[in-house]
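Just below is one structure, and these are the notes that go with it.
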Amino acid sequence: MIMITSRDIDKFEAVYPLLVSITKSMTTLSTKKPSDIISEFKLDQINKILKQCNTLLRDKRPDTDFDGFDNDTMPQNSDVVVMLELYIASMDKFKISNSEYVGEDWNETLPHYEWKKTK
């Protein structure tokens with residue numbers, strides 16, 4: 001396993017909320033109009049987020065052949081949601097595999113994950 005750095009942790013904590021937020025927005029849009037083509041602006045924003053995720057996930061991306069969406073073949077809303085959900089799952093796995101579960105003693109602290117100590 002590759003040991004993550006404090007810079008990786010900072011990147012994760014910056015990009016993960018953006019990924020979750022855009023996924024929620026796209027899910028809402030996809031529920032209403034799943035077959036509609038996504039706008040170029042939204043696609044550019046999503047690709048920026050995915051690029052940051054890719055630098056963290058490296059070879060643990062949901063699809064190692066996928067770097068982002070192609071502006072030449074604009075995807076449908078529902079296709080975007082599928083990939084974003086896969087990225088959330090990969091980012092969650094990244095966090096869990098680089099964290100330790102702490103807080104078994106309920107009197108001491110609530111159970112949660114903390115990043116593994118880095119150099």
Side-chain angles (χ1 to χ4, degrees):
M1 176 188 339
I2 298 172
M3 190 66 147
I4 62 168
T5 65
S6 58
R7 176 177 259 164
D8 291 333
I9 293 169
D10 291 343
K11 284 181 187 178
F12 179 94
E13 291 179 350
V15 75
Y16 188 78
L18 299 176
L19 178 63
V20 169
S21 177
I22 197 73
T23 302
K24 286 180 183 177
S25 296
M26 289 304 302
T27 299
T28 301
L29 189 58
S30 179
T31 301
K32 295 176 185 176
K33 299 178 179 184
S35 298
D36 279 6
I37 301 299
I38 188 171
S39 73
E40 190 172 339
F41 174 78
K42 286 184 190 101
L43 194 64
D44 287 342
Q45 297 306 308
I46 290 167
N47 279 336
K48 287 177 187 177
I49 292 168
L50 295 181
K51 183 178 179 181
Q52 294 176 60
C53 292
N54 289 339
T55 62
L56 283 171
L57 295 171
R58 298 177 188 101
D59 63 340
K60 303 295 185 200
R61 298 184 319 232
D63 181 346
T64 54
D65 293 330
F66 179 82
D67 293 321
F69 293 100
D70 185 2
N71 285 13
D72 294 333
T73 56
M74 302 294 278
Q76 295 178 346
N77 291 331
S78 59
D79 297 332
V80 173
V81 170
V82 168
M83 285 309 297
L84 291 175
E85 288 175 346
L86 291 173
Y87 267 87
I88 285 179
S90 292
M91 293 288 280
D92 287 341
K93 187 174 180 180
F94 175 87
K95 169 105 190 230
I96 290 169
S97 66
N98 290 290
S99 302
E100 298 172 317
Y101 186 75
V102 296
E104 287 295 327
D105 182 0
W106 283 83
N107 294 325
E108 187 176 311
T109 182
L110 291 176
H112 63 282
Y113 285 94
E114 287 184 1
W115 292 105
K116 290 180 183 171
K117 305 300 182 213
T118 60
K119 296 179 182 179

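This chain uses plain numbering: 1 for the first residue, then up along the sequence.
The CG atom of L86 sits 13.0 Å away from the CZ atom of R61 when rounded to the nearest 0.5 Å. Separation of atoms CD (E114) and NZ (K95) is listed at 9.5 Å; rounding is to 0.5 Å. The CG atom of L50 sits 6.0 Å away from atom CG of L84, with the distance rounded to the nearest 0.5 Å. Here the CD1 atom belonging to I9 is positioned 8.0 Å from the OG atom belonging to S99, to the nearest 0.5 angstrom. In this structure, L19 CG and I49 CD1 are separated by 6.5 Å, a value rounded to the nearest 0.5 Å. Note: M83 CE to M26 CE = 13.5 Å, rounded to the nearest 0.5 Å.
Within the 4.5 Å cutoff, the side chain of V81 has no heavy atoms near those of the N77 side chain.
A donor-acceptor contact shorter than 3.5 Å is absent between the side chain of T64 and the backbone of K60.
Legend: salt bridge (charged side-chain N to carboxylate O under 4.0 Å, His left out) pairs involving residues 7-18, not counting sequence neighbours, sorted by first then second residue: D8-R58. Sequence neighbours left out, the pairs with a member in residues 46-56 that pass side-chain hydrogen bond (donor to acceptor under 3.5 Å, both in side chains) are N54-Y87.
The shortest non-hydrogen separation linking S30 to S78 is OG-CA, 3.3 Å. Across all their heavy atoms, C53 and V15 have their closest contact at SG-CG2, 4.2 Å.
Residues passing the salt bridge (charged side-chain N to carboxylate O under 4.0 Å, His left out) test with D79: none are found, sequence neighbours excluded. Among residues two or more places apart in sequence or in another chain, the ring pair (Phe, Tyr, Trp, His ring centres under 6.0 Å) test is passed with F12 by Y16, F94, W115.
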Report, one line per pair, each donor and acceptor closer than 3.5 Å where one atom sits in a side chain of residues 68-75; sequence neighbours left out.
{"from": "D70", "atom 1": "OD1", "to": "D72", "atom 2": "N", "distance (Å)": "3.0"}
{"from": "N71", "atom 1": "ND2", "to": "D44", "atom 2": "OD1", "distance (Å)": "3.1"}

Quick one: side chains of residues 31-40, donor-acceptor pairs under 3.5 Å with protein atoms, not counting sequence neighbours, listed by atom name and distance.
{"from": "T31", "atom 1": "OG1", "to": "T27", "atom 2": "O", "distance (Å)": "2.7"}
{"from": "S39", "atom 1": "OG", "to": "K42", "atom 2": "N", "distance (Å)": "3.2"}

